[in-house]
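Notes for the one structure printed next.
Atoms within each ligand, like the ligands themselves, are counted from 1 in listed order.
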Amino acid sequence: MSLIVVGSMAFDAIETPFGKTDKIIGGAATFIAWSASNFTQPIKQISVVGYDFPEEELKVLEKRGVVVEGVQIKKDEKSFFWSGKYHMDMNSRDTLETQLNVLENFDPIVPDSYQDCEFLMLGNLAPSVQLTVIERLKNRPKLVVMDTMNFWMEIAMDDLKKVLAKVDVLMVNDSEARELSHEFSLVRAAKKIMQMGPKYLIIKKGEHGALLFHEENVFFAPALPLEDVFDPTGAGDTFAGGFIGHIARTKDISFNNMKTAIIIGSAMASFCVEKFGTERLRELTKEDIDKRLRQFQELVNFEIELV
Ligand code: AMP
């Protein structure tokens with residue numbers, strides 16, 4: 001009756017046109033857990049960190065219903081480190097540095113208490129690790145969702161294709177969808193990608209919202225127009241957390257419920273970008289989330305008379 005989240009837990013250093021951070025807490029699974037725990041608990045986390053990762057960070061997550069039995073602590077290695085620099089449009093970024101460190105030889109452990117999970121969220125991480133987690137689950141979850149990024153497409157495409165064949169939902173951004181399919185049109189790209197395995201595809205377009213594809217159906221969720229975007233890092237993972245958190249709470253994997261889930265993902269992502277790293281997600285209340293969801297309702301609700 002629960003959700004497994006797999007992904008990096010890391011240190012990030014971020015530069016935007018508006019500011020710069022030293023090493024702060026980041027990582028795909030970190031953002032996913034902060035976001036999803038607003039909707040469903042327990043969350044069973046699988047990741048790896050080094051000696052330098054603050055224990056306190058794992059403790060605050062535990063307080064939010066995140067089980068960390070599957071988070072390995074490597075006493076003689078450093079945590080994963082990523083640094084990136086955003087362009088003026090805040091939609092595109094360059095990776096300045098990726099230090100895999102503990103991720104280099106990560107052999108994920110799936111504790112017995114994690115077996116029989118209904119939902120699996122494969123956050124950004126080496127595709128071979130994502131695949132190992134799927135293989136180490138005795139029963140296939142009801143829904144397997146996968147996120148990935150261009151970095152893995154460039155160095156581990158064969159492994160990535162093996163994972164794709166085993167998942168139900170893939171989430172990527174528009175440039176990654178183009179890179180994966182070699183198609184410019186996102187509609188064509190979606191068709192090609194869905195032939196690789198996933199029955200559902202979500203293409204994230206940053207400040208331009210997200211598209212959900214399934215068979216011949218397409219649904220669009222906008223991003224909330226915000227006055228200030230401070231740091232987009234983790235927005236995709238926060239989106240994923242909102243999406244899978246809602247699905248796990250409702251246990252409904254229909255296309256219709258996925259439409260609601262991508263609106264919730266978009267609402268959660270809109271908080272993430274308001275401050276650096278996970279800062280904004282840590283202070284959120286249920287009232288903040290409800291208020292933002294109402295803003296989304298107002299943003300997209302309109303009546304039209306057919307001519
Ligand atoms: P997003 O902005 O949603 O794409 O996610 C950014 C997060 O992904 C950062 O917190 C990074 O630590 C993490 N990240 C960046 N590159 C990788 C990678 N190659 N593998 C796993 N996690 C990564």
TODO: With the side chain counted from C-beta on, respond yes when Phe18 and Met90 share a heavy-atom pair under 4.5 Å apart, and no when they do not.
DONE: yes
Open item on the list: Tell me if a side-chain donor or acceptor on Arg282 pairs with a main-chain N or O of Trp34 at a distance below 3.5 Å.
Closed with: no
- [ ] Please work out whether any backbone atom (N, CA, C, O) or any side-chain heavy atom from C-beta onward of Met171 is under 4.0 Å from ligand 1, and answer side chain, backbone, both or neither.
- [x] neither
Task: Per-atom contacts of ligand 1 with Gly27, taking only distances under 4.0 Å to non-hydrogen atoms - done: 9 (C), 10 (O), 12 (O)
- [ ] Considering heavy atoms of the protein only, find what lies nearest to atom 19 (N) of ligand 1 and give residue, atom and distance to 0.1 Å.
- [x] Phe151 CD2, 3.3 Å
TODO: State the atoms of ligand 1, each with its element, that fall below the 4.0 Å cut-off from a heavy-atom position in Phe31.
DONE: 10 (O)
Task: Under-4.0 Å heavy-atom contact with ligand 1, by part of Asp12 that carries it - done: side chain
TODO: Kindly state whether the ring of Phe276 and the ring of Phe230 have centres lying under 6.0 angstrom apart.
DONE: yes
Open item on the list: Looking at Asp107, is its backbone amide N or carbonyl O close enough to the side chain of Gln72 to form a donor-acceptor pair, meaning the two atoms are under 3.5 Å apart?
Closed with: yes
Task: Minimum-distance protein heavy atom relative to atom 7 (C) of ligand 1 - done: Asp237 OD2, 3.5 Å
Task: Taking atom 16 (N) of ligand 1 as the reference point, the nearest protein heavy atom with its distance - done: Met149 SD, 3.3 Å
Enumerate, atom names and distances included, each donor-acceptor pair closer than 3.5 Å involving a side-chain atom of residues 199-224, sequence neighbours excluded.
unit_1	atom_1	unit_2	atom_2	d
Lys199	NZ	Asp168	OD1	2.9
His214	ND1	Lys199	O	3.0
Asn217	ND2	His214	O	3.4

Task: Atom indices of ligand 1, in the order listed, that fall short of 4.0 Å to a heavy atom of Ala235 - done: 3 (O)
Task: Atom pair CE (Met121) and CG (Asp237), whose distance is rounded to the nearest 0.5 Å - done: 8.0 Å
Task: Protein heavy-atom partner closest to atom 14 (N) of ligand 1 - residue, atom, separation in Å - done: Phe80 CE2, 3.8 Å
Task: Protein heavy-atom partner closest to atom 4 (O) of ligand 1 - residue, atom, separation in Å - done: Arg93 NH2, 2.9 Å
TODO: Test salt bridge (Lys or Arg N to Asp or Glu O under 4.0 Å) on Glu183 and Arg178 and set out the steps.
DONE: CA-CA 5 Å; Glu183 291 283 357; Arg178 291 185 171 117; over 6 Å; no
TODO: For the pair Val169 and Val144, evaluate side chain to side chain contact (heavy atoms under 4.5 Å, CB included) and give the outcome as yes or no after the intermediate values.
DONE: CA-CA 6 Å; Val169 184; Val144 181; over 6 Å; no
- [ ] Check whether any side-chain heavy atom of Leu103 lies under 4.5 Å from a side-chain heavy atom of Leu125, and answer yes or no.
- [x] yes
- [ ] Write out the residue and atom name of the closest protein heavy atom to atom 22 (N) of ligand 1, then the distance separating them to 0.1 Å.
- [x] Ser8 OG, 2.8 Å
- [ ] List every atom of ligand 1 that sits less than 4.0 Å from any heavy atom of Gly26, numbering the atoms from 1 in the order shown and giving each element.
- [x] 10 (O)
- [ ] Would you kindly specify which portion of Phe11 sits under 4.0 Å from ligand 1, judged on non-hydrogen atoms: side chain, backbone, both or neither?
- [x] neither
TODO: May I ask you to identify, for Ala126, whether its side chain, its backbone, both or neither come under 4.0 Å of ligand 1 on a heavy-atom basis?
DONE: neither
